[in-house]
Amino acid sequence: MQLGLIGLGKMGGNMRERIRRAGHTVIGYDRNPDVSDVKSLAELVEKLDAPRHVWVMVPAGTATQTVVDELGDLLSPGDTVIDGGNSRWTDDEKHAAALGIKGIGFVDAGVSGGVWGLQNGYALMVGGDKEHVERLQPIFDALKPEGPYGYVHAGRVGAGHFSKMVHNGIEYAMMQAYAEGWELLEKVHSVENVREVFRSWQEGTVIRSWLLDLAVNALDEDEHLEKLRGYAEDSGEGRWTVEAAIDNAVPLPAITASLFARFASRQDDSPQMKMVAALRNQFGGHAVEKKG
């Protein structure tokens, strides 16, 4: 199967490689000519056989809007656009409507896996019409982890990104819980080896998880996280999750508190945010702020 892939950064580049390893043809475009297979979006579209399938993997907001608009002018009826970035679900509905007028299908795909996706596969939460999703199943099968899990057709357009948004909100709360526990362990004199306490939790406990494994990785690299500043960004999806909860009158105290804790890190050098920053760097390659 052929796929056009726009955006070959930390995730997009690895996704191109994983899809190719599954035997599919991927033509990638990026503003960085060193990693791009073609020089323009027009050339990418020209090299694909109809019906074309083009996956957009660029930052949410203006960048995605610009690419979708340009693709709307370049593609033909029967083609499909997939937005695999972290777009807001309400944007998906607008994109689907605008492209649908031209006969172009639209699918939104929430993608989780970060910098580890090439090795482990990507969890995919997909939204869109059944006919458009089914055309892309070979690509989804190539990207997902091996085994029965890691992929879901969550519902209509917007459902994929909404599901990924909630996933990230839960992630915020889980990271905050690990960070709070780590700070408390570091604070008391009786616990002399906090890193090994975290490591002991990796097997046989109810709080074991991949995030816990990544926390241990971070502590192996910097045992007391002394090299990091206690500052953690938020990607936007935590805010959207809280806003959606307000709109639907759903109480989210843990997720909301974890978002506000990140805001507090903008004011103080928070010990907890050292762990949150370290975890974000471990799973997603997100930048951290070093001390000094």
Side-chain angles (χ1 to χ4, degrees), residues 10-11 14 86 111-123 145 149-150 164-239 241-242 251-292:
K10 285 179 289 190
M11 284 189 67
N14 282 344
N86 282 332
V111 183
S112 182
V115 296
W116 298 83
L118 176 59
Q119 173 184 336
N120 298 334
Y122 299 89
Y149 307 115
K164 176 59 164 44
M165 178 194 74
V166 174
H167 164 282
N168 281 22
I170 294 170
E171 175 189 295
Y172 272 47
M174 292 176 65
M175 292 166 69
Q176 184 65 26
Y178 284 128
E180 291 175 8
W182 172 79
E183 182 181 359
L184 182 57
L185 287 166
E186 285 276 339
K187 196 76 171 179
V188 301
H189 296 299
S190 58
V191 181
E192 297 177 340
N193 200 333
V194 174
R195 177 178 61 187
E196 295 310 310
V197 171
F198 262 59
R199 198 187 310 279
S200 75
W201 294 343
Q202 289 181 274
E203 296 292 342
T205 73
V206 296
I207 63 167
R208 64 190 184 273
S209 71
W210 186 44
L211 274 177
L212 178 61
D213 296 340
L214 295 176
V216 172
N217 287 352
L219 295 173
D220 281 339
E221 295 171 5
D222 180 6
E223 183 173 356
H224 302 288
L225 304 181
E226 294 170 325
K227 300 175 183 177
L228 299 182
R229 180 171 168 241
Y231 178 99
E233 285 284 1
D234 64 286
S235 63
E237 289 186 290
R239 300 185 191 209
T241 305
V242 172
L252 299 185
I255 292 173
T256 302
S258 68
L259 174 65
F260 285 2
R262 295 199 185 185
F263 294 164
S265 80
R266 319 288 163 81
Q267 301 168 337
D268 303 301
D269 188 16
S270 165
Q272 293 171 23
M273 286 304 122
K274 292 181 180 182
M275 176 58 78
V276 171
L279 283 167
R280 294 181 81 245
N281 178 256
Q282 285 286 325
F283 69 72
H286 299 289
V288 295
E289 293 204 6
K290 303 281 186 173
K291 278 196 169 181

Trainee: Are side-chain heavy atoms of Y231 and M273 found at a separation under 4.5 Å?
Mentor: no
Trainee: Run the numbers on N168 and T241 for side chain to side chain contact (heavy atoms under 4.5 Å, CB included), then give the verdict.
Mentor: CA-CA 8 Å; N168 281 22; T241 305; 5.7 Å; no
Trainee: Within the 4.5 Å heavy-atom criterion, are F263 and R239 side-chain neighbours or not?
Mentor: yes
Trainee: If I take atom CZ from residue F260 and atom CG from residue D234, how far apart are they, to the nearest 0.5 angstrom?
Mentor: 11.0 Å
Trainee: Does some side-chain heavy atom of H224 sit less than 4.5 Å from a side-chain heavy atom of E186?
Mentor: yes
Trainee: Which atoms form the tightest heavy-atom contact between T256 and V242, and what is the distance?
Mentor: OG1-CG2, 3.7 Å
Trainee: Between A215 and L279, what is the shortest heavy-atom contact and its length?
Mentor: N-CD2, 3.4 Å
Trainee: Any non-hydrogen side-chain atom of V191 less than 4.5 Å from a side-chain atom of V194?
Mentor: yes
Trainee: Using modelled atom types only, decide if a donor and an acceptor are shared between the side chain of R262 and the backbone of E233 within a distance under 3.5 Å.
Mentor: yes
Trainee: When you compare the side chain of M275 with that of L219, does any pair of heavy atoms fall below 4.5 Å?
Mentor: yes
Trainee: By salt bridge (Lys or Arg N to Asp or Glu O under 4.0 Å), which residues pair with E221, not counting sequence neighbours?
Mentor: none
Trainee: I'd like to know if K164 and E237 make a salt bridge, using a cut-off of under 4.0 Å between side-chain N and carboxylate O.
Mentor: yes
Trainee: Table please: side-chain donor-acceptor pairs of residues 169-178 below 3.5 Å, with sequence neighbours left out.
Mentor:
residue: Y172; atom: OH; partner: S235; partner atom: N; Å: 3.0
residue: Q176; atom: NE2; partner: E180; partner atom: OE2; Å: 3.0
residue: Q176; atom: NE2; partner: Q272; partner atom: OE1; Å: 2.7
residue: Y178; atom: OH; partner: I207; partner atom: O; Å: 2.5
residue: Y178; atom: OH; partner: S209; partner atom: OG; Å: 2.8

Trainee: Applying salt bridge (Lys or Arg N to Asp or Glu O under 4.0 Å), can you list everything that pairs with D220, at least two apart in sequence or on another chain?
Mentor: R195, R199
Trainee: Does S258 reach the main-chain N or O of I255 with its side chain, forming a donor-acceptor pair under 3.5 Å?
Mentor: yes
Trainee: State, to 0.1 Å, how close A232 and A277 come at their nearest heavy-atom pair, and which atoms those are.
Mentor: CB-N, 4.4 Å
Trainee: Quick one, L185 and F198 - any side-chain contact, counting heavy atoms below 4.5 Å?
Mentor: yes
Trainee: Where do V276 and A179 come nearest, in terms of heavy atoms and distance?
Mentor: CG2-CB, 3.8 Å
Trainee: Take D213 and Q202 through the test side chain to side chain contact (heavy atoms under 4.5 Å, CB included) and record every step on the way to the result.
Mentor: CA-CA 7 Å; D213 296 340; Q202 289 181 274; 2.7 Å; yes
Trainee: Is the closest side-chain heavy-atom distance between W201 and V216 below 4.5 Å?
Mentor: no
Trainee: Within this structure, what is the CG-NZ distance for the pair D222 and K274, rounded to the nearest 0.5 Å?
Mentor: 8.5 Å
